[in-house]
Amino acid sequence: MEFKRVVVLTGAGISAESGIRTFRDQNGLWEDHPIEDVATPEGFHRNPNLVYQFYNLRRAQLLDSNVKPNAAHQVLAEFETEHIARGGHFTLITQNVDNLHQRAGNQRIIPMHGQLQSALCSVSGLSTPWTSDLTAEHYCQCCATPSPLRPDIVWFGEVPYQLDDCFDAVAQADLFVSIGTSGKVYPAAGFMQVAQEAGAETVELNLEKTSNAFDQGYYGPATEVVVDFFSRLM
Ligand code: OAD
């Protein structure tokens, strides 16, 4: 079957083989960093330095030469190029805040949970590219009275970026592929159902099955199952 409108949702699992820790697996980030301390506006208010430090470490990791896009990121970039050239539509919604999809070459990316290499003005809501450490001493240049910058990460209790665009793309998809996400965090976790109700074929690519609801599932490391699946599709 030929699919015209393809939406891919990615989570931390696609970057695991690039050396970036996932959140909820064994040895995941949330094991030694309580969510309420480092991923909520309240946690930031209580202890901003802890939160700056948490994201500074993650941001610094992206500059490590060993951390680079893997074969799963690369096949998605190749697929996008080829699918668009054939007149198809493609949207890559990522929950990941690393820059590996961008570095692999995907163009149509919605980083719905923000980006590590960006700082956010807490007053104007303006994002600025940021690759070095961010601290409470850094102020924006967009406000008349400079305001403190914070990590440009969507924390629990905040609204993800481009949510309308996400739902529009998902509701129009005829193929929806969920890669390396545990499906525990809404609204992203609800996209599969929206796609299915709109008549899309739904596929899960993951190390392990997270739900029985997908029409198809292929299980194993992303560098194998994602490469196999998209190579067959091209
Ligand atoms: P999780 O850590 O919840 O889930 C990671 C998923 O990746 C699991 O289902 C694993 O089975 C799978 N996985 C691990 N290694 C893999 C591999 N090599 N190949 C394929 N799959 C693999 O991460 P997310 O679902 O991305 O949000 O988490 C969603 C959101 O929760 C994150 O964006 C983050 C977090 O709290 C915020 O911080 C706002």
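Counting convention: from 1, in listed order, for ligands and their atoms alike. Bear in mind the structure is a predicted one, so any value in this text is a computation, not a measurement.
Each of the following atoms of ligand 1 lies closer than 4.0 Å to a heavy atom of V185: 29 (C), 30 (C), 31 (O). Those atoms of ligand 1 with a heavy atom of T22 less than 4.0 angstrom away are 2 (O). Close approach to E208 involves these atoms of ligand 1, each under 4.0 Å from a residue heavy atom: 11 (O). Each of the atoms 19 (N) of ligand 1 lies under 4.0 Å from some heavy atom of P221. Close contacts between ligand 1 and G11 involve ligand atoms 26 (O) [criterion: under 4.0 Å to a heavy atom].
The residue among Q95, M112, K184, R24 with a heavy atom at the shortest distance from atom 2 (O) of ligand 1 is R24. If you check each of E224, H113, E17 against atom 18 (N) of ligand 1, the one with the closest non-hydrogen atom is E17.
Note on ligand 1: W30 sits in its first shell, one or more heavy atoms being nearer than 4.0 Å.
Contact annotation for F156 and ligand 1: only side-chain heavy atoms (C-beta onward) come within less than 4.0 Å of the ligand. The side chain of A16, and not its backbone, has at least one atom closer than 4.0 Å to an atom of ligand 1 (non-hydrogen atoms only; side chain from C-beta on). Under 4.0 Å from ligand 1, not a single heavy atom of T223 appears.
Using cut-offs of 30° and 60° for the angle between ring planes, the Y52 and F44 rings count as perpendicular.
Looking at every heavy atom in both residues, P221 comes nearest to L207 through N-CD1, 3.6 Å.
At least one N/O-N/O distance between A222 and ligand 1 falls below 3.5 Å. Remark: ligand 1 and G180 share an N or O pair separated by less than 3.5 Å (distance only, no angle test).
You'll find the side chain of H73 reaches within 4.5 Å of the side chain of S15, heavy atoms only.
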